[in-house]
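Input: a single structure, listed below in C-alpha cells.
Just so it is clear, the values below take in all heavy atoms, side chains as well, and ignore hydrogens, waters and symmetry mates. Whatever order the structure lists ligands and atoms in, that order sets their numbers, starting from 1. This chain uses plain numbering: 1 for the first residue, then up along the sequence.
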Amino acid sequence: MNDVVTTPAIVILLGPPGAGKGTQARMLEDRFGLVQLSTGDLLRGAVAAGTPAGLAAKTVMEAGGLVSDEIVLAVLKERLAQPDTAAGVILDGFPRTAGQAAALDVLLAERGQSVTTAISLEVDDADMIGRVAGRFTCAECGEGYHDTNKRTATDGVCDNCGGTAFKRRADDNAETARARLTAYHAETAPLIAHYRKLGVLEPVDAMGSIAGIAAALGKIIERATS
Ligand code: AMP
C-alpha cells in the first residue's frame with residue numbers, strides 16, 4: 001500500500017532505544033512515501049566513512065552518550081538538503097535535545113514548514129534493555145531480528161532474502177543500552193512537553209504488536225495530513 005500524502009509531512013518519532021522507532025519509520029516510509037531520516041544511521045555512515053564528524057562521534061556512540069548538537073545538526077542539514085525530502089520526512093532519533101528541537105523549528109521555518117506531528121512511543125523501560133541487547137539484522141537486506149522475540153525461521157538464514165551474514169550494532173549491548181536509556185530520560189523525554197505545547201503531540205501505547213502500532217501510527221498520519 002502506498003497512501004498518498006498531499007502536504008509534505010514532518011513527522012517526529014520520539015521514544016527510548018528499543019521502542020521501535022526504526023521499525024515503524026521504515027513501515028511509514030513504505031506506506032506514505034515519506035523519507036526516513038535517522039540521525040543514528042547518518043552518524044553510523046559518517047563513522048564508517050571515517051569523516052571528521054564520524055571520528056568525533058564514534059566514541060560517544062560506543063559509550064551510549066549523545067553526540068554534540070553541532071555534529072548532529074550538520075549531518076541532518078546535509079541530508080535534509082537533498083531533494084527527495086520534499087515529499088515529507090519521518091525523523092527517527094532526532095531531535096534528542098532541547099537545542100536540537102529549537103534548531104529544527106528554525107530550520108523548518110526557513111522552508112516554510114513546521115512539525116506536523118510528534119509521535120511519542122510509550123513503552124515500559126524495564127523491557128527496553130532486553131529488546132535492544134538481543135537485536136541483530138541481516139547484513140544483506142537489513143531485515144531486523146531478535147534473539148528471543150523474532151528469530152529467523154531457519155537458524156542462520158534470513159527469512160527475507162536467504163542471506164547468511166548477520167550483524168549487530170556495536171552499541172546494542174546491555175551496558176550501552178542502559179546509558180542510552182539514561183540519556184533519553186535526561187535529554188529527550190522533556191521534548192514531549194515541547195511538542196505538547198505546540199499542539200502536535202500524539203502519544204501512542206507502543207507495547208503491542210508491530211502491526212497494531214503501525215496501524216495506530218498510520219491513522220495519526222492520515223489525520224494529521226488530510
Ligand atoms: P540510534 O540509531 O537512534 O539509536 O542512535 C545511535 C546513537 O547515535 C545514539 O546512542 C547517539 O550516540 C547517537 N545519536 C543518534 N541520533 C542522535 C541525536 N539526534 N543527538 C545526539 N546523538 C545522536
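The environment of E140 atom CD is sparse: at most 12 non-hydrogen atoms of other residues, nucleotides or ligands sit within 6.0 angstrom.
Protein residues with a heavy atom under 4.0 Å from ligand 1 are T39, G40, L43, R44, M61, G65, L66, V67, V72, G93, F94, R96, Q100, R169, D171, R180.
Of the candidates I210, L217, I213, I210 is the only one forming a side chain to side chain contact (heavy atoms under 4.5 Å, CB included) with M27.
Within the 3.5 Å criterion, the main-chain N or O of I221 finds a donor-acceptor partner in the side chain of T225. At least one donor-acceptor pair closer than 3.5 Å links the side chain of K150 to the backbone N or O of G144.
Of the charged side-chain nitrogens involved, none lies within less than 4.0 Å of a carboxylate oxygen, so that D92 and K21 do not count as a salt-bridged pair. Salt bridge status for R151 with D159: absent, with no side-chain N to carboxylate O gap under 4.0 Å.
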